[in-house]
Each structure stands twice: as C-alpha cells, then as structure tokens.
J.: 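The structure is given below, and queries will be raised subsequently.
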Amino acid sequence: MQEEKNRPEETGAPEKAFENFWYHYKWPTLIIAFFAVFFLIAIAQMGSKNDYDAHLLYAGPAYLDGEVVADILTSVDKAADQAYDITDNPADHNDDALLNCDFNKIVYVPTMTAEEYKENDIYFNGVENLNARGQFDNLIMIGEYVILMIDKSLYDETVGTGAFCKLADILDTVPENAYDECGILLADLPICVENGFRQLPDDTVLCCRGKSYVNNFNREVQQEGLYEAQIALFRQIVSYQRNGE
C-alpha cells in the first residue's frame with residue numbers, strides 16, 4: 001500500500017522539477033535561446049554568402065520581380081565577359097570560373113513621389129516606406145553591398161555621408177557625363193538598354209560603397225580581395241559597350 005501511495009509522486013516528480021526550474025529560470029532560458037537562434041541564423045547566412053563574388057543593391061521605387069533580377073545579373077555577366085575571359089576576370093574572387101552575384105532590392109518611394117501618390121489616391125504604405133528607408137540606411141552603414149543602384153533623390157540625400165567612392169579613385173577615366181564625383185546615371189551608360197537594366201528608372205544612380213570597417217561580425221565584408229573584386233566588376237559595368245563597340 002505504501003508503494004502505491006508513492007507512485008503518483010514519483011510519476012509527477014520530473015514535471016514538478018521542470019515547473020520549478022521554469023518558474024525560477026524562465027527569462028534567462030528564453031534570452032539564451034533567443035541569442036542561440038540568432039547566432040545560428042547569422043552563421044548560416046554568413047556561410048551561404050561566402051561564395052559570392054559581388055554584392056549588388058537596388059534601392060528605389062521600382063518593384064523588381066525575380067525575372068527582372070535574373071535579367072540584370074545576366075547583363076552583368078555580359079559586361080564581365082566583354083571585359084575579360086572568366087578564367088582571368090579579377091571580378092571572379094573565388095576563382096571558380098563563375099560570376100556569382102548576390103542581389104538585394106529595397107522598394108523605397110522618395111518623398112516627392114510619395115506625395116504624388118497621395119494626391120492621386122494611389123495606394124501607399126507610409127510605415128513600410130519608413131521601414132525600407134531604415135533598412136537602406138543600415139545596409140549603407142554596414143557596407144556589405146558595394147555596387148549600388150539608387151534612386152537619384154535617395155542618392156542625393158545620402159552622398160553627403162561620405163559613404164560612396166569617388167569615381168576618380170576607382171575608374172581609370174571618369175565619364176564626362178557623370179552625375180557628380182561619386183555617381184553616374186544609369187541612363188547615361190550603354191548598359192541601360194540591356195535586359196533588366198532597362199526596367200530600372202532613368203534617374204537611377206550607379207555608384208560604389210567605400211570600403212567598410214564597421215561590421216566586424218559579418219566577416220565577408222572585409223574578406224581579403226573581395227572588395228577589390230567588386231570594384232573591378234563595377235568598372236566592367238561602367239565600361240560596357242553595346243555589341244562590343
């Protein structure tokens with residue numbers, strides 16, 4: 001009889017111990033779990049990006065679907081192939097005879113366009129737009145994305161931060177029709193008529209992020225030679241001539 005009385009207590013002992021542990025250590029456990037998941041995701045993302053030769057970013061009002069992004073990257077390949085054989089191309093950072101590019105896009109509606117939307121009763125989500133601007137500012141600060149295609153008004157608001165390279169520092173010859181000392185309007189480059197690029201607004205500015213030392217955790221930002229490889233690809237995009245002319 002005594003043994004039978006003890007069985008329910010023995011059966012419930014692990015649950016009681018767990019409840020007691022959870023009562024006393026719930027928040028430390030949740031915090032540890034959060035950071036464990038955060039670091040696992042970050043490490044996985046870093047590992048997935050290790051093979052990229054370049055990081056490209058578009059920020060502006062155009063919505064680019066997967067097909068347009070694929071077309072842009074195909075045109076970038078075309079510009080690279082025109083400049084070098086892939087086996088000798090300095091943009092091929094990992095020397096695998098492939099040009100593997102990471103392309104990120106942020107849909108951001110500049111202030112004047114947003115006002116036009118409101119005046120014409122075009123749907124516009126101001127909160128999402130503010131979030132997009134914040135995302136853009138963070139990416140520019142971190143500096144992972146080097147080759148940038150930015151809405152002109154957004155570029156004008158950002159160039160004063162000193163985040164962008166001067167063209168004279170990265171190009172052998174600065175185009176006479178350059179927008180300013182750091183950027184070139186895509187509409188003024190031959191590549192603007194190629195697949196993907198022609199879907200971008202004419203007032204999109206092509207520029208480069210200066211080398212960043214801010215993000216020590218995301219190591220590929222400072223991986224040896226990667227920044228220089230991306231600058232080489234930027235030169236190839238700028239120097240592209242339609243039909244090789």
Side-chain angles (χ1 to χ4, degrees), residues 34-64 69 72-73 76 90-94 99-111 127-167 169-171 179-184 186 200 204-238:
F34 170 80
F35 280 105
V37 171
F38 173 82
F39 283 113
L40 285 173
I41 293 173
I43 290 169
Q45 289 178 338
M46 288 171 62
S48 67
K49 293 183 178 181
N50 283 340
D51 291 330
Y52 286 128
D53 297 305
H55 298 274
L56 293 80
L57 173 68
Y58 168 77
Y63 173 77
L64 310 180
V69 170
I72 290 174
L73 295 181
V76 169
D92 179 21
H93 174 255
N94 55 18
L99 188 60
N100 191 14
C101 296
D102 168 34
F103 191 98
N104 195 0
K105 54 188 185 295
I106 298 174
V107 179
Y108 173 75
V109 179
T111 304
V127 174
E128 287 185 5
N129 206 51
L130 284 174
N131 291 337
R133 177 57 191 266
Q135 183 185 1
F136 170 78
D137 290 339
N138 285 337
L139 290 179
I140 292 300
M141 179 189 70
I142 292 169
E144 178 182 3
Y145 289 89
V146 173
I147 300 175
L148 311 172
M149 290 159 271
I150 308 174
D151 171 81
K152 185 168 75 71
S153 63
L154 185 56
Y155 172 87
D156 290 340
E157 293 173 9
T158 311
V159 68
T161 64
F164 307 138
C165 291
K166 291 184 178 180
L167 296 172
D169 294 336
I170 56 177
L171 299 178
Y179 177 64
D180 63 9
E181 64 178 5
C182 296
I184 309 168
L186 270 178
L200 297 177
T204 301
V205 178
L206 179 69
C207 60
C208 267
R209 173 69 166 90
K211 192 169 186 178
S212 172
Y213 299 93
V214 173
N215 193 349
N216 291 321
F217 180 73
N218 203 356
R219 298 302 301 174
E220 72 267 21
V221 174
Q222 301 170 55
Q223 187 177 341
E224 186 67 28
L226 178 57
Y227 180 79
E228 289 72 19
Q230 296 180 87
I231 293 299
L233 182 60
F234 177 83
R235 293 192 195 103
Q236 293 162 23
I237 293 170
V238 170

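The figures here come from the full heavy-atom set of this structure, side chains too, leaving out hydrogens, waters and symmetry mates.
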J.: Compare every heavy atom of L186 with every heavy atom of L200, then report the nearest pair and how far apart it is.
T.: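 Looking at all heavy atoms of both residues, the shortest contact is CD1-CD1, 3.5 Å.
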
J.: Would E144 and R209 pass as an ion pair if we require N to O under 4.0 Å?
T.: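 Answer for the salt bridge query: no.
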
J.: How about D180 and F164: do any of their side-chain heavy atoms sit closer than 4.5 Å?
T.: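 Not in contact.
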
J.: What I'd like to find out is whether the side chain of Y58 reaches to under 4.5 Å of the side chain of L64, using heavy atoms alone.
T.: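 Yes, close enough: below the 4.5 Å cut-off.
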
J.: Do F136 and I150 have side-chain heavy atoms sitting under 4.5 Å apart?
T.: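 Side-chain contact under 4.5 Å: yes.
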
J.: Do L73 and L99 come close enough that some side-chain heavy atom pair is under 4.5 Å?
T.: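 Counting from C-beta outward, L73 and L99 never come under 4.5 Å.
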
J.: Could you list the residues that satisfy side chain to side chain donor-acceptor pair (under 3.5 Å) with D53, not counting sequence neighbours?
T.: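 Side chain to side chain donor-acceptor pair (under 3.5 Å) list for D53, sorted by chain: empty.
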
J.: Can you list the residues that meet the side chain to side chain donor-acceptor pair (under 3.5 Å) rule with R235, with sequence neighbours excluded?
T.: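 Partners of R235 by the side chain to side chain donor-acceptor pair (under 3.5 Å) criterion come out as none, since no residue qualifies.
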
J.: Can you name the closest pair of heavy atoms from V107 and A62 and give their distance?
T.: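 In terms of heavy atoms, the two residues are closest at CG2-O, 3.9 Å.
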
J.: Can you name the closest pair of heavy atoms from L206 and M149 and give their distance?
T.: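 Distance-wise, the nearest heavy atoms are CD1-CG, 3.8 Å.
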
J.: Could you tell me whether the side chain of Y145 reaches within less than 4.5 Å of the side chain of L56, counting heavy atoms only?
T.: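 Side-chain contact under 4.5 Å: no.
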
J.: With a 4.5 Å limit on heavy-atom distance, are the side chains of V146 and F234 in contact?
T.: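 Counting from C-beta outward, V146 and F234 never come under 4.5 Å.
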
J.: Answer yes or no: is there a side-chain heavy-atom contact under 4.5 Å between D156 and Y179?
T.: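 Yes; the side chains approach each other to less than 4.5 Å.
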
J.: How close do V205 and K152 get, heavy atom to heavy atom, and via which atoms?
T.: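 So the two residues come closest at CG2-CA, 3.9 Å.
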
J.: Taking all non-hydrogen atoms of both residues, which atom of L233 and which atom of A91 are closest, and how far apart?
T.: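 Shortest heavy-atom separation between L233 and A91 comes out as CB-CB, 3.9 Å.
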
J.: Are C207 and L148 packed together at the side-chain level, in the sense that at least one heavy-atom pair is separated by less than 4.5 angstrom?
T.: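 A side-chain contact under 4.5 Å exists here.
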
J.: What are the two closest non-hydrogen atoms of Q230 and I147, and how far apart are they?
T.: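 For Q230 and I147, the tightest heavy-atom pair comes out as O-CD1, 3.5 Å.
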
